[in-house]
Amino acid sequence: MFRTVELPTPAVLVPARELHTKLARTGRDHPGLPSGLDQVLRDLAVRQEGVPVTVAEPSRPGSDRSLRLHTYGYVVTLFPTRNRDGYLVVGIDPLRMRDHDRLADGHLLVRTKWRAVFELPQIPPGSSAYWPRLNGEWDALVRARGDRRQAPDISPAHERFLDTLDELVETTRRFAARDDDSLARYPYRSADPVGERRFSGAPVYVFRIAGDRMPERGRLVRLRGEPEQRGEVVRVQDDLVTVRFDQPLDWNRLAPQGELQDRPNEVVYAKQREAVALLRSRKAHNRNLMSVFVDHDARPLTAVSAEPAETLDADQLAAFRAALGVRDVLAVLGPPGTGKTRTISEIARARALSPDRGRTLIASFTNRAVDNVLAKLPRDVVVVRVGSEGKVDAEGRAFLLEHLAAELRAEIIATTAVARQGYEGVPAAQEWAGEFGRRIAALREDLAAEARAGQALDAARRSVGGPAQQRVDDLARALGDRERAAAQRADRLRSLLERQERARRRGSWSGRWAAWMARRRSDRADRLRADLAARGQEAAVLRGRLHEAAAALDLATRDAPQVIAAAGVLDQAVSARRRRAAEAGQALDAIRAALGPVHAVPVPPDTGDPAALLAALTDVHVGLGPWLACLTTRARLLDEWRTAVSGATEQLYPELVRYADVVGATCTGAASRPEIAGETFDLAIIDEAGQIGTADVLVPLVRADRAVLVGDHRQLPPIVGSDVLAWAEETGDPAVRDLVTKSALEILVERHALPPSHLVALTQQRRMPKVIADFASAAFYGGRLTTHVERVHNDPLFTGSLVFADTSQLPVRDRSETPVRRGATRGTVNHAEARLLARLAAFYHRLGADWALIVPYRAQRRLIAQLLTEDIPDLDAVDHHVGTVDAFQGGERDVVLYGFTRSNRAGEVGFLDELRRANVAFTRARRQLVLVGDMDMLCRARDRGFRDLAHLLRAHVLAHGEVRHHRELMTVLEQREAGAELA
């Protein structure tokens with residue numbers, strides 16, 4: 001779809017101040033880009049039908065849109081000048097696949113003359129950018145495109161909702177940018193590449209830092225002056241910092257001395273704004289999103305009777321079928337352990353293997369949640385994981401796009417190596433083909449010489465043959481007459497039989513007339529057959545006589561000197577022809593042997609006729625030319641392909657993504673990762689949707705035709721900065737506050753935006769022991785969570801699955817929390833709890849148990865990680881097992897250790913008053929849950945909601961669990977550790 005726009009006066013282009021620098025930098029990787037505006041003007045002039053133009057929405061509210069001019073090889077990005085009299089050229093980038101997709105989706109075809117000046121004051125008076133007109137034409141195109149897609153119109157209520165989202169995104173970005181002003185910098189004295197490439201080929205460098213300030217492990221950093229070069233700190237040791245970069249890094253462009261800087265994350269806000277823009281322009285693939293989120297109007301489900309591959313309970317089966325039949329948005333509410341992941345797996349598998357195969361996007365806010373789902377997908381589903389290797393869990397790394405591309409590359413190289421061996425004989429075959437042609441030419445000359453020698457022998461015999469020669473000539477004439485007459489009668493018989501067959505097939509005649517005609521044709525055919533037989537006998541007699549006459553002629557003339565001489569010449573010609581034919585056959589054999597693995601060269605049949613052999617050999621030689629050209633091209637393409645594949649694997653990414661059944665990524669990664677940014681999906685499944693805000697969840701939702709939100713709105717809500725929360729409160733708008741503090745799933749459920757058919761609740765849990773699940777059900781789910789499988793308890797430390805390790809009996813100074821400060825961030829640690837938790841973690845780690853240690857505060861996590869390094873020196877293992885509550889949402893472990901951290905006289909529990917945090921932590925356990933805290937203080941908490949929860953917990957543990965005291969448990973662990981060392 002396009003709209004043609006004629007501009008009456010030339011459009012003036014002015015290079016932006018940084019354009020030349022950008023071109024120089026980009027041109028190093030893309031030599032085909034123009035070096036300046038002169039080349040741009042020439043390339044624009046070539047498009048006489050008009051220049052395809054797309055309009056990009058502003059990156060921030062209140063900013064201008066931008067224009068993108070498309071040449072045949074690159075895209076020019078323009079912004080209107082302040083006076084709207086021309087355009088600033090701010091960027092020139094290679095034409096990529098997503099640019100083709102944008103053009104195919106819709107563009108303006110602008111016809112005008114393009115001019116360039118070097119500075120703004122040089123723009124001719126009276127020039128115009130025709131900015132309002134181009135914007136109007138683009139808006140009309142967008143409306144027409146939305147109408148064509150049958151997308152609902154954007155109503156005033158939709159506009160208000162989108163405006164609020166834009167304001168929220170911009171406010172959040174502004175607060176984050178304010179914090180970015182103080183981003184730490186880390187000057188380095190040297191930078192060296194490292195061989196730590198793992199399977200992804202991601203570039204890894206070690207920087208020697210100058211000064212005392214060091215980035216933390218896991219920190220996201222960038223190279224100052226090279227904002228596109230971003231990476232993650234994977235190791236910090238002394239003054240050495242190891243960074244794994246997201247994209248290939250040109251060693252020649254890496255300054256030997258420079259600065260690393262903490263990395264601001266503008267991508268999140270850009271993709272949120274992009275999602276809002278897609279909704280505003282009616283380009284979202286899920287056309288009914290606005291109707292669901294704003295109008296609370298969902299389209300009816302399509303009835304589906306599909307059966308899952310695995311057995312599902314009644315709730316899961318209802319969710320499975322509803323997901324396959326949803327036309328816009330479905331919500332699956334799943335408390336912990338109710339089989340959300342199992343249900344997601346069956347939905348994805350059914351979509352992958354259905355006749356109308358649809359590609360599924362599985363996304364979540366955290367990498368861990370995505371990897372947890374992908375690891376449980378059936379093996380017959382083709383899965384691709386898109387993300388940075390350093391952030392992807394071990395469960396998801398096998399599906400990483402880089403990993404799969406590396407495996408595919410190795411397979412291609414191995415396969416093509418074998419295939420390429422078959423083409424090694426092509427050059428030799430080409431040389432032999434030339435020799436084969438020369439030998440055929442020589443054979444043709446020898447055959448002509450043989451014919452001339454035969455004619456000379458015939459002439460010599462005639463000169464001395466006399467009556468014997470005359471008899472041979474007479475018999476040859478007579479035989480020729482008989483054979484011509486027989487041929488004529490054979491033609492008449494064949495014609496007669498064909499007419500008879502046509503008449504029989506038509507069946508148009510019937511009765512006596514048809515029978516009479518059939519008898520007449522049959523009689524004529526019989527007479528012709530008899531005549532042919534007689535003439536055949538006469539010809540056979542004549543051949544015998546001719547043979548006898550020829551023998552008599554040979555006997556009469558063989559002693560004549562001229563015949564003897566001519567016969568000798570003929571014998572020599574025949575010998576030469578036979579020798580040449582053998583040589584041509586040898587050349588053909590050599591060609592067949594060279595091409596045998598890749599092409600079967602035909603062998604001419606030996607009929608004894610030299611002329612037929614020459615013709616057959618000539619045909620083979622003529623046919624060899626195109627085949628050799630084809631085989632040479634194939635060999636070259638194999639070489640080029642192997643060379644290309646042996647290098648960077650990025651070119652394999654589109655094919656891997658295209659043939660994937662399921663693609664996994666974070667919500668932001670679904671739009672920001674270049675490998676899938678332009679891809680669309682049949683179904684988007686958003687896991688852990690209960691902790692994803694609306695602005696974040698819309699990023700993947702606008703890229704799929706349909707959506708299933710899976711989560712638990714009674715677990716952790718979205719993470720919100722205090723300044724953003726304060727801003728939301730200041731607006732006084734409940735809708736704004738909900739968008740800030742609640743997940744999209746919670747808003748949809750609370751506002752009854754979805755009909756009951758679109759809300760499916762899972763209630764049967766199979767993860768936790770009953771004692772843990774019963775507490776979670778009573779405390780968080782109104783008693784609706786049921787347990788259908790009871791696990792056999794087997795733990796060397798505790799007699800029950802639910803344990804509370806109480807620090808209340810310790811002296812106040814020992815059990816109390818300690819405030820700490822790290823830069824501008826305040827935190828809380830509890831040394832008594834940390835020591836016990838570290839001992840417990842080390843104990844279960846030595847047992848080889850699948851354990852997790854969860855605490856609410858990052859400072860407490862750092863303290864415990866530091867203590868654990870004495871028993872677990874593997875930092876990756878510590879990171880995998882120890883984290884805050886937010887990091888473990890969506891995961892599960894056999895043993896979960898949880899420390900409350902807070903213990904103070906005032907009864908302050910801080911953000912523990914968000915009870916959903918406790919819900920998340922407690923419900924991760926599959927076999928054993930050990931809680932560590934000051935029970936007395938927790939039951940005296942000032943926050944009423946938390947105090948009630950603590951009293952309920954104490955009563956449940958006393959009735960159904962086990963209480964252990966800090967000192968006694970530490971003694972038991974020390975004794976067991978000492979016994980293990982002695983053993």
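Given the structure is predicted, the values throughout are model-derived calculations rather than measurements.
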Side chain to side chain contact (heavy atoms under 4.5 Å, CB included) between Glu450 and Leu570: does it pass, once the steps are laid out? CA-CA 6 Å; Glu450 181 181 351; Leu570 178 59; 4.0 Å; yes
Side chain to side chain contact (heavy atoms under 4.5 Å, CB included) evaluation trace for His70 with Val53: CA-CA 6 Å; His70 297 76; Val53 174; 5.7 Å; no
One pair to check against salt bridge (Lys or Arg N to Asp or Glu O under 4.0 Å): Glu307 and Arg321. What are the steps and the verdict? CA-CA 8 Å; Glu307 293 293 333; Arg321 289 176 174 164; 2.5 Å; yes
Apply side chain to side chain contact (heavy atoms under 4.5 Å, CB included) to Ile362 and Val663, showing your working. CA-CA 6 Å; Ile362 292 181; Val663 175; over 6 Å; no
Kindly indicate, with the supporting measurements, whether the criterion side chain to side chain contact (heavy atoms under 4.5 Å, CB included) is fulfilled by His621 and Arg439. CA-CA 11 Å; His621 184 259; Arg439 293 183 181 184; over 6 Å; no
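Looking at Leu588 and Phe436, their side chains come closer than 4.5 Å, going by heavy atoms from C-beta outward. By the 4.5 Å heavy-atom criterion applied to side chains, Tyr74 and Asp43 are counted as neighbours. The shortest side-chain heavy-atom distance between Pro597 and Glu424 does not fall under the 4.5 Å cut-off. The shortest side-chain heavy-atom distance between Val620 and Ile591 does not fall under the 4.5 Å cut-off. Put simply, the side chain of Asp473 reaches to within 4.5 Å of the side chain of Arg462, judged on heavy atoms. Side-chain contact check for Leu377 versus Arg349: every heavy-atom pair is 4.5 Å or farther apart. Proximity of Phe2 to Pro52: side-chain heavy atoms (C-beta onward) are nowhere separated by under 4.5 Å. Between Leu103 and Thr54, some side-chain heavy-atom pair lies under the 4.5 Å cut-off.
Heavy-atom contacts from other residues, nucleotides or ligands closer than 6.0 Å to OH of Tyr72 number more than 12. The number of heavy atoms from other shown groups lying within 6.0 Å of CD (Gln48) does not exceed 12. No more than 12 heavy atoms of other residues, nucleotides or ligands sit less than 6.0 Å from atom CZ of Arg545. The local environment of CZ in Arg111 is crowded, with over 12 non-hydrogen atoms from other residues, nucleotides or ligands closer than 6.0 Å. Within 6.0 Å of atom CZ in Arg471, 12 or fewer heavy atoms from other residues, nucleotides or ligands are found, so the atom counts as exposed in its surroundings.
When all heavy atoms of Trp627 and His599 are compared, the closest pair comes out as CE2-CE1, 3.2 Å. Across every non-hydrogen atom of Gln562 and Val464, the tightest pair is NE2-CG1, 3.0 Å.
A distance of 11.0 Å separates CZ of Arg592 from CG of Leu624, quoted to the nearest 0.5 Å. Leu595 contributes atom CG, which lies 9.0 Å from atom CD of Gln430 (distance to the nearest 0.5 angstrom). Residue Ile564 holds its CD1 atom at 9.5 Å from OG1 of Thr557, rounded to the nearest 0.5 Å. For the atom pair Arg489 CZ and Leu528 CG, the distance stands at 8.0 Å (nearest 0.5 Å).
For the salt bridge (charged side-chain N to carboxylate O under 4.0 Å, His left out) criterion with Asp682, the lone passing option out of Arg359, Arg327, Arg357, Arg706 is Arg706. For the salt bridge (charged side-chain N to carboxylate O under 4.0 Å, His left out) with Arg351, the qualifying choice from Asp705, Asp661, Asp356 is Asp356, the only one to do so.
With respect to the salt-bridge test (charged N to carboxylate O, under 4.0 angstrom), the residues Asp523 and Arg520 do not qualify. Between Arg543 and Glu548 there is no salt bridge, since none of the side-chain N atoms of the basic residue sits less than 4.0 Å from a carboxylate O of the acidic one.
Remark: Ala456 pairs with no residue by the side chain to side chain contact (heavy atoms under 4.5 Å, CB included) rule, at least two apart or across chains.
At a cut-off of 3.5 Å, with distance as the only test, no side-chain donor of Ser575 or Arg579 sits close to an acceptor on the other residue. Arg452 and Gln455 share no side-chain donor-acceptor pair at under 3.5 Å.
For Arg703 and Phe681, the positive end is not near the middle of the six-membered ring at less than 6.0 Å and at most 45° from its axis.
Of the possible donor and acceptor atoms, one in the side chain of Ser345 sits under 3.5 Å from a partner among the backbone N and O of Lys376.
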